[in-house]
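For the numbers below, each heavy atom of this structure counts, side chains included, while hydrogens, waters and symmetry mates do not. Each residue takes its place number in the sequence, starting with 1.
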Amino acid sequence: MPVYDAASKKAEEFINHEEILETLSYADANKDNYPLIEEILEKARPKKQGKGYVCAGLTHREASVLLACEDEAITKRIYDIAEEIKLAYYGNRIVLFAPLYLSNYCVNGCLYCPYHLKNKHIPRKKLTQEEVAKEVIALQDMGHKRLAIEAGEDPVNNPIEYILECIQTIYSIKHKNGAIRRVNVNIAATTVENYTKLKNAGIGTYILFQETYHKESYEELHPTGPKHDYAYHTEAMDRAMEGGIDDVGLGVLFGLEKYRYEFAGLLMHAEHLEAVFGVGPHTISVPRVKKADDIDPTAFDNSLSDEMFLKLAACIRLAVPYTGMIISTRESEDVRSKMLRVGISQVSGGSRTSVGGYAEEERPHDTEQFDVSDQRTLDEVVRWLMENGHIPSFCTACYRAGRTGDRFMALCKSGQILNCCHPNALMTLSEYLEDYASEETKKVGYPLIDEELKKIPNPKVLETAQQNIIDIKNSNRRDFRF
Ligand code: SAM
């Protein structure tokens with residue numbers, strides 16, 4: 001039987017089934033152990049250190065106790081600490097992005113995804129470079145600066161060369177004042193060599209959802225195709241890091257398996273990356289299974305309620321305080337609103353999940369990967385964020401300045417966020433307002449920027465940010481960053 005070892009390179013040792021089962025029993029045994037719960041909450045709370053904060057984070061066992069605890073007053077305190085951590089490290093900024101679907105050709109048999117090979121009635125489509133350019137122009141005209149590219153797994157139709165060519169096209173398009181400045185990549189598990197190629201193409205984060213950490217279920221849910229190989233999929237982030245990508249994004253497709261099992265597995269995966277590479281995941285995504293072409297989410301009987309989903313996100317926030325957390329338009333405005341209060345730091349906006357969807361006037365449904373719950377435009381999402389006390393940010397500075405992996409984590413801990421990320425967010429927001437926003441959004445945005453500028457502690461940084469914002473208004477100069 002495989003033995004648990006966070007630093008092992010073998011999937012079944014760092015995501016260890018026995019350890020997860022023991023964690024769940026430990027959590028059940030301690031869910032009313034108030035002295036222990038108090039200790040865990042105290043450990044999770046951010047502590048002031050110098051100009052910044054430090055946060056200890058929680059182990060998968062500690063965080064699982066909090067998740068199991070049913071006391072409403074404790075849950076409320078978990079939410080409060082999650083918000084404190086979010087504000088300590090990320091402030092009130094929320095980074096915006098959009099997915100870009102390149103191809104829905106796929107050779108896998110994933111039971112939850114409409115792109116599975118046996119689906120013969122869904123039209124198969126792969127963007128040509130001209131079509132990629134059209135999509136990018138449409139996305140730039142919305143105001144996007146950061147994309148996550150998505151593709152099915154198909155070595156013939158979507159080989160790595162195709163993905164690399166698309167990345168090159170995306171970065172090359174400069175339409176009006178627009179530019180895509182960060183391309184994150186969500187493609188199937190691949191080789192170290194291919195990860196190095198992606199790194200050299202200038203990608204931001206490599207994102208790969210585990211779908212489920214439960215090996216047996218994983219194999220049932222992925223009955224055919226290369227994705228069937230649990231170990232190859234689970235060890236992908238190790239290969240990505242070996243290939244030179246130091247920002248990787250984890251995720252679970254919630255609803256496939258029991259959420260407490262997934263939660264422990266997810267945190268063990270983060271602990272594994274920390275143990276082996278000295279740096280945890282850059283982001284964690286929390287998608288839930290949605291209705292799609294020939295997919296009925298109720299076929300998977302592990303769906304979790306909105307309340308539990310919220311608590312789960314908050315517990316992730318406490319466990320991995322330096323990791324960005326992403327929520328997509330799979331979720332409704334209402335759920336997204338609540339999730340933003342418990343630690344989410346990135347949201348997608350104005351998303352279309354079909355291949356070639358952005359260049360179409362009307363939202364197309366024929367090649368959609370899943371139903372989009374939040375169908376608002378990016379402008380509406382930006383205004384909504386501001387009206388709810390967040391700063392929408394289109395910043396992509398960190399990875400372009402080489403602040404990836406542990407260097408990004410160091411910035412998070414240094415307390416310099418208000419002199420760096422905060423002005424960057426305000427400058428990119430003012431670009432958005434100037435170039436793309438509706439009058440209504442501008443009316444909310446400019447006063448917000450004036451207010452938020454006051455929070456910049458360093459007078460020189462403040463002066464530069466103010467001058468840059470004036471330049472953005474009065475000229476076509478763009479892309480200022482600290
Ligand atoms: N093909 C790549 C792979 O195998 O990892 C990744 C790209 S896939 C387009 C992106 C993600 O969408 C998948 O990892 C899966 O978690 C999610 N997804 C698939 N079907 C879904 C559904 N019905 N509802 C919500 N999310 C879904």
- [ ] Would you name the heavy atoms of V347 and L385 that are closest together and state the gap between them?
- [x]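 Looks like CG2-CD1, 4.4 Å.
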### Task
Return the minimal non-hydrogen interatomic distance between M142 and G349, and the atom names on each side.
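So the two residues come closest at CE-O, 4.3 Å.
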Quick one: does [X]'s side chain have a donor or acceptor within less than 3.5 Å of a partner on [Y]'s backbone?
{"X": "Q346", "Y": "V95", "value": "no"}
{"X": "K174", "Y": "Y171", "value": "yes"}
{"X": "R317", "Y": "G343", "value": "yes"}

Scan D334, V342, V335 and name whichever one has a side chain to side chain contact (heavy atoms under 4.5 Å, CB included) with K338.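 Passing option: D334.
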Report the C-alpha separation of K134 and E130 in whole Å, then their side-chain angles, then the decisive distance to 0.1 Å, and conclude whether the salt bridge (charged side-chain N to carboxylate O under 4.0 Å, His left out) test is met. CA-CA 6 Å; K134 271 194 192 156; E130 290 68 36; over 6 Å; no
By the definition side chain to side chain donor-acceptor pair (under 3.5 Å), identify the one residue from R288, E333, E331, K290 that meets it with S373.
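Testing S373 for a side chain to side chain donor-acceptor pair (under 3.5 Å) against R288, E333, E331, K290 leaves exactly one candidate, K290.
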**Q.** Partner of T212 by side chain to side chain donor-acceptor pair (under 3.5 Å), out of E220, E257, E262
**A.**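 Answer to the side chain to side chain donor-acceptor pair (under 3.5 Å) test with T212 among E220, E257, E262: E262.
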Please check if any side-chain donor atom of [X] sits under 3.5 Å from a side-chain acceptor atom of [Y], or the reverse.
{"X": "T428", "Y": "R481", "answer": "no"}
{"X": "H121", "Y": "N119", "answer": "yes"}
{"X": "N104", "Y": "K125", "answer": "no"}
{"X": "D238", "Y": "H272", "answer": "yes"}
{"X": "T404", "Y": "D246", "answer": "yes"}
{"X": "S354", "Y": "R352", "answer": "no"}
{"X": "E434", "Y": "Y446", "answer": "yes"}

Interatomic distance, [X] atom [atom1] to [Y] atom [atom2] [nearest 0.5 angstrom]:
{"X": "I15", "Y": "Q210", "atom1": "CD1", "atom2": "CD", "answer": "7.0 Å"}
{"X": "L378", "Y": "L96", "atom1": "CG", "atom2": "CG", "answer": "6.0 Å"}
{"X": "H365", "Y": "T353", "atom1": "NE2", "atom2": "OG1", "answer": "9.0 Å"}
{"X": "N186", "Y": "E150", "atom1": "CG", "atom2": "CD", "answer": "4.0 Å"}
{"X": "N108", "Y": "E153", "atom1": "CG", "atom2": "CD", "answer": "4.5 Å"}

So [X] and [Y], would you call those rings parallel, tilted or perpendicular, with 30° and 60° as cut-offs?
{"X": "F394", "Y": "H144", "answer": "perpendicular"}
{"X": "H214", "Y": "Y261", "answer": "tilted"}
{"X": "Y101", "Y": "Y115", "answer": "perpendicular"}

Within a reach of under 6.0 Å around CZ of R363, are more than 12 heavy atoms found that belong to other residues, nucleotides or ligands?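 Yes, because the 6.0 Å sphere around CZ of R363 holds more than 12 heavy atoms from other groups.
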Is there a side-chain contact between [X] and [Y] in this structure, where contact means two heavy atoms from C-beta onward sitting under 4.5 Å apart?
{"X": "F277", "Y": "M237", "result": "no"}
{"X": "T191", "Y": "I160", "result": "no"}
{"X": "I167", "Y": "L198", "result": "yes"}
{"X": "D471", "Y": "F480", "result": "yes"}
{"X": "L253", "Y": "F209", "result": "no"}
{"X": "I173", "Y": "I180", "result": "no"}
{"X": "T441", "Y": "M386", "result": "yes"}

Is there a ring pair (Phe, Tyr, Trp, His ring centres under 6.0 Å) between Y112 and H222 once you walk through the steps? CA-CA 9 Å; Y112 48 83; H222 305 96; 5.4 Å; yes
| said: Holding to side chain to side chain contact (heavy atoms under 4.5 Å, CB included), I want the full list of residues that pass it with N476, two or more places apart in sequence or in another chain. | reply: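 Scan of N476 (side chain to side chain contact (heavy atoms under 4.5 Å, CB included), adjacent residues dropped) gives N177, R478.
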Less than 4.0 angstrom from a charged side-chain N to a carboxylate O is my criterion; do [X] and [Y] meet it?
{"X": "E380", "Y": "R383", "value": "no"}
{"X": "E307", "Y": "K311", "value": "no"}
{"X": "R400", "Y": "D479", "value": "yes"}
{"X": "R336", "Y": "D374", "value": "yes"}
{"X": "K454", "Y": "E451", "value": "yes"}
{"X": "E83", "Y": "K86", "value": "no"}

Check your understanding: Is NZ or CZ of R239 both nearer than 6.0 Å to the six-membered ring centre of Y232 and within 45° of the ring axis?
Key ->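 Yes, a cation-pi geometry holds between R239 and Y232.
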Does NZ or CZ of R330 lie under 6.0 Å from the centre of the six-membered ring of F370, at an angle within 45° of the ring axis?
->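 Judged by the rule (NZ or CZ under 6.0 Å from the ring centre, within 45° of its axis), R330 counts as positioned above F370.
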